[in-house]
Structure formats: C-alpha cells, structure tokens
Amino acid sequence: AEFLLQKPQEELLGKVIWDEFVGSNQSLAYGQYRKVMAKKTPVHFEMFSDRLSLWLEINVYPSQDGLSVFIRNIQERKQAEDQIRDYTEMLKEQVRLLDLDPDYTFEWTLDGQIIFWNHGAELGYQWTKEEALGKKASVLLKTQFPQPLEEINEELMHNGRWMGEVIQRRRDGSAVVVRSCWLLKRGVDGNPSGVLEFNKDITEQKNIEKEMA
C-alpha cells in the first residue's frame with residue numbers, strides 16, 4: 001500500500017480505505033466488502049480507481065478483526081488486454097471491409113524477417129514454414145511493389161495499415177499477383193513490433209482482365 005499510494009504507513013493508518021484507493025467508484029467496492037462481511041466468504045474483483053488512475057485487482061477475505069484486503073496493480077495487464085482486443089477488432093474490421101478472404105498469411109518483424117508462415121502460404125508460395133522462417137519476406141518472394149517501399153512503410157506507420165497489389169514469385173519462379181493488406185502490430189508498450197501480411201491471390205483474375213482487354 002505504501003508503494004502503491006506513495007505514502008508512508010504512518011500517514012495511511014486511520015484513513016478511510018475508500019478515499020485512499022477507490023475514489024468516486026465507491027459503491028462497487030463497498031458492495032463487495034459488505035458481501036464478505038455478510039456471507040463470510042472471500043471475493044475477488046477488478047475495478048478502476050480514478051483516485052489512482054489505475055486498474056486494481058482486489059481480493060477480500062473475512063478475518064477475526066474484520067477484513068483482510070489484498071490489492072494489486074494490474075494496469076499494465078489491462079492495457080495489454082485492451083491493445084489485444086483493439087487489435088483483434090481492427091483486424092476483423094479490416095478483413096470485413098476489404099473482403100480480403102486471404103489465401104496466404106504470414107508475419108514479419110519490422111526489419112522484414114518472417115516469424116510466422118501459415119499453411120496457405122506454404123501451398124501458395126511453395127516454401128515450407130521451416131524454409132521461410134528467418135528469411136526476409138520481400139527478398140524470398142522477390143516482391144515488386146506498386147510504389148517506393150519507403151512510401152509504403154511511411155503509410156503503414158502513420159495509418160497502421162497498407163493495402164495494394166504486388167507481384168511476387170513462387171519457389172518455381174512463376175509470378176503470382178496478390179491483393180496485399182499489411183497490418184501493423186504493436187507490443188504491450190504501444191510501440192510497433194511487427195507486421196501481419198494477408199495476401200489474396202488474384203493472378204487468374206488479372207489474366208482474365210488482360211484477355212478481355
């Protein structure tokens with residue numbers, strides 16, 4: 001408590017727990033504490049303290065002298081959960097809006113090194129996961145971009161995503177045209193950590209368009 005509140009024990013003794021830890025959201029904590037007193041059973045709950053501007057995990061146990069309360073700062077965990085949830089929702093929304101239905105999915109670090117390679121990518125590009133991992137994606141696939149890569153990376157960092165058509169090469173050297181969507185991943189600290197690439201093979205569609213033209 002001393003560390004969490006940044007106050008010495010002498011200053012905290014005798015203070016009202018609601019005022020020090022909870023702030024304006026007192027009804028939730030008070031109701032949980034009353035439950036422990038009435039039923040003599042422990043409770044576990046999480047709540048946001050506007051007094052501390054932190055998410056807290058609170059465990060309350062009945063004791064001979066009243067209640068034993070254990071409070072833990074879970075702000076970092078909550079932020080990580082929020083980022084994962086926001087990222088997942090963004091991913092679902094992007095796939096829905098773009099009607100991407102990706103055939104080939106892989107993930108690479110900010111310097112382009114492949115760290116995930118799905119089964120669809122194995123079948124489509126003809127490289128196994130073991131062969132692809134650790135390779136630089138644009139080098140392995142000999143990717144031809146529709147604009148300078150510097151501009152693509154700038155848009156990716158600014159908007160969190162990029163979409164465009166690129167030409168890549170399979171293991172046998174044949175060309176594959178894909179509609180590519182890049183989504184920027186962020187770590188717990190909020191900083192960019194990698195890129196998810198979702199590619200839809202539109203080679204046949206492009207060939208048909210050329211024949212019609």
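Just so you know, residue 1 is the first one in the sequence shown, and it goes up from there. Just so it is clear, the structure is predicted and the values come from calculations on it, not from any experiment.
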Next on the checklist: Donor-acceptor check, side chain of Gln126 to backbone of Arg170, threshold 3.5 angstrom: yes or no?
Outcome noted: no
Checklist entry - Does CD in Glu154 sit with more than 12 non-hydrogen atoms of other residues, nucleotides or ligands closer than 6.0 Å? => result no
Checklist entry - Do Arg72 side-chain atoms and Ile58 backbone N/O form a donor-acceptor pair below 3.5 Å? => result no
Checklist entry - Would Phe116 end up clustered with Leu183 when hydrophobic side chains under 4.5 Å apart are linked, directly or stepwise? => result no
Item to check | Shared hydrophobic cluster for Val177 and Trp127 (ILVMFWY, side-chain gaps under 4.5 Å) | outcome: no
Checklist entry - Would Asn199 and Glu197 count as having a side-chain donor-acceptor pair, cut-off 3.5 Å? => result yes
Checklist entry - Taking NZ, NE, NH1 and NH2 as the nitrogens, is one of them in Lys78 or Glu57 under 4.0 Å from a carboxylate oxygen of the other? => result no
Item to check | Whether Tyr104 and Tyr125 hold their rings parallel, tilted or perpendicular, with breakpoints at 30° and 60° | outcome: tilted
Checklist entry - How many angstroms lie between atom OG1 of Thr203 and atom CD1 of Ile208, to the nearest 0.5 angstrom? => result 11.0 Å
Checklist entry - Side chains of Val176 and Arg169: does their closest heavy-atom pair fall under 4.5 Å? => result no
Checklist entry - When clusters are formed by joining ILVMFWY residues with side-chain heavy atoms under 4.5 Å apart, either directly or through shared neighbours, do Ile115 and Leu196 land in the same one? => result no
Next on the checklist: Measuring only between side-chain heavy atoms, which start at C-beta, is Glu155 closer than 4.5 Å to Arg161?
Outcome noted: no
Item to check | For Glu151, salt bridge (charged side-chain N to carboxylate O under 4.0 Å, His left out) partners two or more places apart | outcome: none
Checklist entry - For Glu107, what residues pass the salt bridge (charged side-chain N to carboxylate O under 4.0 Å, His left out) criterion, not counting sequence neighbours? => result Lys185
Next on the checklist: Atom CD of residue position Glu204 - does it have more than 12 heavy atoms of other residues, nucleotides or ligands inside 6.0 Å?
Outcome noted: no
In residues 132-141, what donor-acceptor pairs under 3.5 Å come from side-chain atoms, sequence neighbours left out?
{"from": "Lys135", "atom 1": "NZ", "to": "Glu131", "atom 2": "O", "distance (Å)": "2.8"}

Next on the checklist: Could you tell me if the side chain of Phe48 sits less than 4.5 Å from the side chain of Leu56, heavy atoms only?
Outcome noted: no
Next on the checklist: Quick check for you: to the nearest 0.5 Å, what is the distance between Ser68 atom OG and Asn59 atom CG?
Outcome noted: 11.0 Å
Checklist entry - Roughly how far, to the nearest 0.5 Å, is the CD1 atom of Ile152 from the CH2 atom of Trp162? => result 4.0 Å
Next on the checklist: Rounded at 0.5 Å granularity, tell me how far CZ in Phe145 sits from CD in Gln168.
Outcome noted: 7.5 Å
Checklist entry - Same hydrophobic cluster for Leu110 and Trp108, using side-chain heavy-atom links shorter than 4.5 Å among ILVMFWY? => result yes
Checklist entry - When you measure from the centre of the six-membered ring of Trp117, is the NZ or CZ of Lys129 under 6.0 Å away and within 45° of the axis? => result no
Checklist entry - Should Ile114 and Leu149 be regarded as members of a common hydrophobic cluster, given that ILVMFWY residues are connected when their side-chain heavy atoms come within less than 4.5 Å of each other, either directly or indirectly? => result yes
Checklist entry - Taking it one step at a time, do Asn207 and Gln205 satisfy side chain to side chain contact (heavy atoms under 4.5 Å, CB included)? => result CA-CA 5 Å; Asn207 290 336; Gln205 173 187 329; over 6 Å; no
Checklist entry - Taking atom CE of Met37 as the centre, does the number of heavy atoms from other residues, nucleotides or ligands within less than 6.0 Å exceed 12? => result no
Next on the checklist: Centroid separation under 6.0 Å, is that true for the rings of Phe70 and Tyr61?
Outcome noted: yes
Checklist entry - Can a donor-acceptor pair be found between the side chains of Glu122 and His119 at a distance below 3.5 Å? => result yes
Checklist entry - Do the side chains of Val166 and Pro146 get nearer than 4.5 Å, heavy atoms only? => result yes
Checklist entry - Between CG of Asp103 and CG of Asp201, what distance do you get to the nearest 0.5 Å? => result 6.0 Å
Checklist entry - Which residue, Lys200, Gln144, Arg179, Lys206, forms the side-chain hydrogen bond (donor to acceptor under 3.5 Å, both in side chains) with Glu165? => result Lys206
